[in-house]
Amino acid sequence: MVDAVREVGPVWSHTCSFDELFLPYAVPDEAVDRLDGDPDWLRTWTAVWKAGKADVVVPVRDLADAPASASVPVRRFSWRTGQRHRPGLEFLVSTGRQHGFESLAERHLLLALDFAGGVAEVLS
């Protein structure tokens, strides 16, 4: 089992890497046993999202070549008085524009991705 807490010094934004920005999570053996072990699962499982008004359906094995940058969010981000979560927009230097988030955890993830470097695109 991986320790959930580890001691690290300061994480300087110009030199950090992914291992300094997340804590590893060990998947329990009983959960691993329930996963689909079919060798052809990359072809049979699909991912679905919206691009314009149409659905895009792509086998998992082809996701790297999918036209993800043409996608639109499933729903728009909204702000209103009395809501229980904290949505907003975070500017990323990596992409040069703002990206929506619906919680502080999502905002922190966007910030970590921006610091990690090498990010070409982020989809809300």
Quick check: is [Y] connected to [X] through a chain of hydrophobic side chains (ILVMFWY, heavy atoms under 4.5 Å apart)?
| X | Y | result |
| --- | --- | --- |
| V56 | W45 | yes |
| L109 | V119 | yes |
| L42 | W49 | yes |

Other residues, nucleotides and ligands only: do more than 12 of their heavy atoms fall within 6.0 Å of CZ on R34?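 Not buried by this count: 12 neighbours or fewer within 6.0 Å.
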Any L92 side-chain heavy atom under 4.5 Å of L113 side chain: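 Not in contact.
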Nearest 0.5 Å, what's the [atom1]-[atom2] distance between [X] and [Y]?
| X | Y | atom1 | atom2 | result |
| --- | --- | --- | --- | --- |
| R43 | D38 | CZ | CG | 8.5 Å |
| F101 | H108 | CZ | NE2 | 8.5 Å |
| E90 | R107 | CD | CZ | 5.0 Å |

Might you point out which heavy atoms bring T95 and V122 nearest each other, and give the distance in Å?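 Distance-wise, the nearest heavy atoms are CG2-N, 4.1 Å.
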What pair of heavy atoms forms the shortest contact from L89 to Q98, and how long is it?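 Shortest heavy-atom separation between L89 and Q98 comes out as CD1-OE1, 3.4 Å.
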So, E106 and R86, do they make that salt bridge, N to O below 4.0 Å?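 R86 and E106: not salt-bridged.
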Tell me if a side-chain donor or acceptor on D114 pairs with a main-chain N or O of S94 at a distance below 3.5 Å.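 Between the backbone of S94 and the side chain of D114 there is a qualifying donor-acceptor contact (under 3.5 Å).
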